[in-house]
*Asks:* 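Please see the structure below; I have some questions.
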Number of protein chains: 2
Amino acid sequence: MSERSSERTVRADAQRNIETLVRTARDVFATSGVEAPMREIAEKAGVGVGTIYRNFPQRSDLIAAVFRSEVDACADAATSLAEAFPPGEALDRWMQRYVDFIVAKRGLAAALHSGDPAFEALPAYFDSRFEPALQRLLDAAVTAGEIRPDANPYDLLRAVASLCMPSSNGDPSAARRLVALLVDGLRYRASGPQDTSVSPLHEHDQMPSKSSHPD
Amino acid sequence: MSERSSERTVRADAQRNIETLVRTARDVFATSGVEAPMREIAEKAGVGVGTIYRNFPQRSDLIAAVFRSEVDACADAATSLAEAFPPGEALDRWMQRYVDFIVAKRGLAAALHSGDPAFEALPAYFDSRFEPALQRLLDAAVTAGEIRPDANPYDLLRAVASLCMPSSNGDPSAARRLVALLVDGLRYRASGPQDTSVSPLHEHDQMPSKSSHPD
DNA sequence: CTCTATACGGAACAACGTTCCGTTTAACAA
DNA sequence: TTGTTAAACGGAACGTTGTTCCGTATAGAG
């Protein structure tokens, strides 16, 4: 074994299977729901069920792995967007990306509250990835004078998640509009180049009177 | 069979079993969670599983029946409390009763978002029972000059539910205090005996003396 | 190449939701 | 009361699930 003493040797096929499994499970959960049978995932991934259970001792471990992987993908998108677009647009685009994440992962989010100990660390992971990511986008937009300086990422993440919940309103497109409205709200009283009509999706002046937090 | 045209003949033992089952299922769900096996419920109720499935063709139907029954109990409590206490105190007590309901039924609430068609009508039932119940309590308190007139039951119900959710904060006693604070907020600018002291945390320390430690 | 720790596949097991059917019984008529 | 019958009963049996087990295959070191 020529590996570092601090790291276990992982056989290449095993590593490949782990990645394939998480990807396959993500797709199967998206089409068949989180309660899709393990056998279906194993079959679609081209492995036996034993292979799943060696890497993910419980079903919930696989779900948690998928969740973490999707959180990573969404958080990493913040970096890419920040490099590819000016601060304000990067913020816009990431918020809509985050809406997609929340809407797509509603099924998983419901499972999070099931009390399974495998999910206990996920909310903290969620925050640890999303808060800094959004903070950086906000800071950049503030520095560019595109938004006001008093927004905090925690509240924004929670507010958007609330707006996307079915108890708030079941329609995803409504959620997108409301979130766009929310982000436009950040532009009010920005310090930079004064531009009163900013957002691309700006044809509705209905403000949510009170921000409740359903669900 | 001599049956009334509008009403089906229901054998007495069947009726008894239905009631026993809903009561038993409520208790089992409370102690073992919503995913408790049907066999356990059947055994504890002293019936066979067949008896459950005749009255509740699907597992989710039994869950829905328990949910409805608990909604009824909580909504009916509003009437009893309104008769037994002055309007302001009745409102206080019912809100805490409602907190108990929300906290106890978190597990069921999570199941509601599972997409099962048996649960589709439950949110509407929830509103149809709780909104009028709370409206009556609010009206009485407004008439007595104990609270301000601009509270609406829908917002209040949603707000309290949010405060009780683990994402907001996991501690039930914190939820109770926050809800008490919320209700005290309603008293600000009431028309009746003026209370200009803004300190919202009066002696509203209804300590949860119950021995139950949920979660 | 050989060797072996590691990973593999899928049959087997346990526990679940649900169905089925022979047996019991409540309710009514005589 | 007794006889009759539709309704309700219990619980074995069925199909599907999560999970375990173990004989087999193979990646990687020497």
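Throughout, protein chains are lettered first and strands after them, A, B, ... in sequence-line order, and every chain is numbered starting at 1.
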*Asks:* For A/Gln58, is there any backbone N or O sitting under 3.5 Å from a side-chain donor or acceptor partner on A/Asp61?
*Replies:*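 Yes, the answer is positive, given that a donor and an acceptor are paired below the 3.5 Å cut-off.
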*Asks:* Under 4.0 Å, heavy atoms only, any strand: does A/Arg59 hit a base, just the sugar-phosphate, or nothing?
*Replies:*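 A/Arg59: backbone/sugar contact only, no base atoms under 4.0 Å.
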*Asks:* Nearest nucleotide by nearest heavy atom, which residue falls closer to the 5' end of DNA chain C, B/Asp13 or A/Ala14?
*Replies:*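 Counting from the 5' end, the first nearest nucleotide belongs to A/Ala14.
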*Asks:* On DNA chain C, compare the nucleotides closest to A/Val49 and B/Pro57; which residue's is nearer the 5' end?
*Replies:*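 The residue closer to the strand's 5' end, by nearest nucleotide, is A/Val49.
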*Asks:* Quick one: B/Ile41 CD1 to D/dG10 P, roughly how many Å, whole number?
*Replies:*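 About 15 Å, once rounded to whole Å.
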*Asks:* Look at A/Gln58 and D/dG18 and indicate whether a side-chain polar atom (N or O) is within less than 4.0 Å of OP1 or OP2.
*Replies:*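 So the side chain of A/Gln58 is outside the cut-off, no N or O lying under 4.0 Å from OP1 or OP2 of D/dG18.
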*Asks:* Is the phosphate of C/dG9, meaning OP1 or OP2, less than 4.0 Å from a side-chain N or O of A/Thr51?
*Replies:*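 Answer is yes, contact under 4.0 Å.
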*Asks:* Roughly, in whole Å, what's the span from CD1 in B/Ile52 to C1' in C/dT19?
*Replies:*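 So the CD1-C1' distance, B/Ile52 to C/dT19, works out to 14 Å.
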*Asks:* Got a salt bridge between A/Asp139 and A/Arg136, using NZ or NE/NH1/NH2 to carboxylate O under 4.0 Å?
*Replies:*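 Salt bridge between A/Asp139 and A/Arg136, a charged N being under 4.0 Å from a carboxylate O: no.
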*Asks:* Count the heavy atoms belonging to other residues, nucleotides or ligands that lie under 6.0 Å from CD of B/Glu43, then report whether that count exceeds 12.
*Replies:*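 Count not over threshold, so no.
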*Asks:* Are A/Glu19 and A/Arg23 close enough for a salt bridge, meaning some N to O gap below 4.0 Å?
*Replies:*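 No salt bridge links A/Glu19 with A/Arg23.
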*Asks:* In whole Å, I'd like the distance from the CG atom of B/Asn17 to the P atom of C/dT25.
*Replies:*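 Answer to the nearest Å: 13 Å.
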*Asks:* In whole angstroms, how far is the P atom of C/dC21 from the CZ atom of B/Arg54?
*Replies:*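 Checked: the CZ to P distance equals 14 Å.
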*Asks:* Does this structure show an ion pair linking A/Lys44 with A/Glu40, if we count only N-O contacts that are shorter than 4.0 Å?
*Replies:*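 Judged by the 4.0 Å cut-off on N to carboxylate O distance, A/Lys44 and A/Glu40 do form a salt bridge.
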*Asks:* How close or far is atom P of C/dA7 from atom CZ of A/Phe56, stated in whole angstroms?
*Replies:*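 Those two atoms, CZ and P, are 13 Å apart.
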*Asks:* Can you tell me how far P of D/dT19 sits from CG of A/Leu62, to the nearest Å?
*Replies:*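 From A/Leu62 CG to D/dT19 P: 11 Å.
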*Asks:* Of the nucleotides D/dA27, D/dC9, C/dG17, which one has an atom closest to the side chain of B/Tyr53?
*Replies:*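 Looking only at side-chain atoms, B/Tyr53 lies closest to C/dG17.
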*Asks:* Select one nucleotide: of C/dG17, D/dT19, C/dG9, the one nearest the side-chain heavy atoms of B/Pro37.
*Replies:*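 Closest nucleotide to the B/Pro37 side chain: C/dG17.
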*Asks:* To the nearest Å, how far apart are A/Arg11 CZ and D/dA27 C1'?
*Replies:*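 Going from A/Arg11 (CZ) to D/dA27 (C1'), I get 5 Å.
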*Asks:* If I take atom CG in residue A/Asp61 and atom P in nucleotide D/dT20, what distance separates them, rounded to the nearest angstrom?
*Replies:*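 One finds 11 Å between P of D/dT20 and CG of A/Asp61, rounded.
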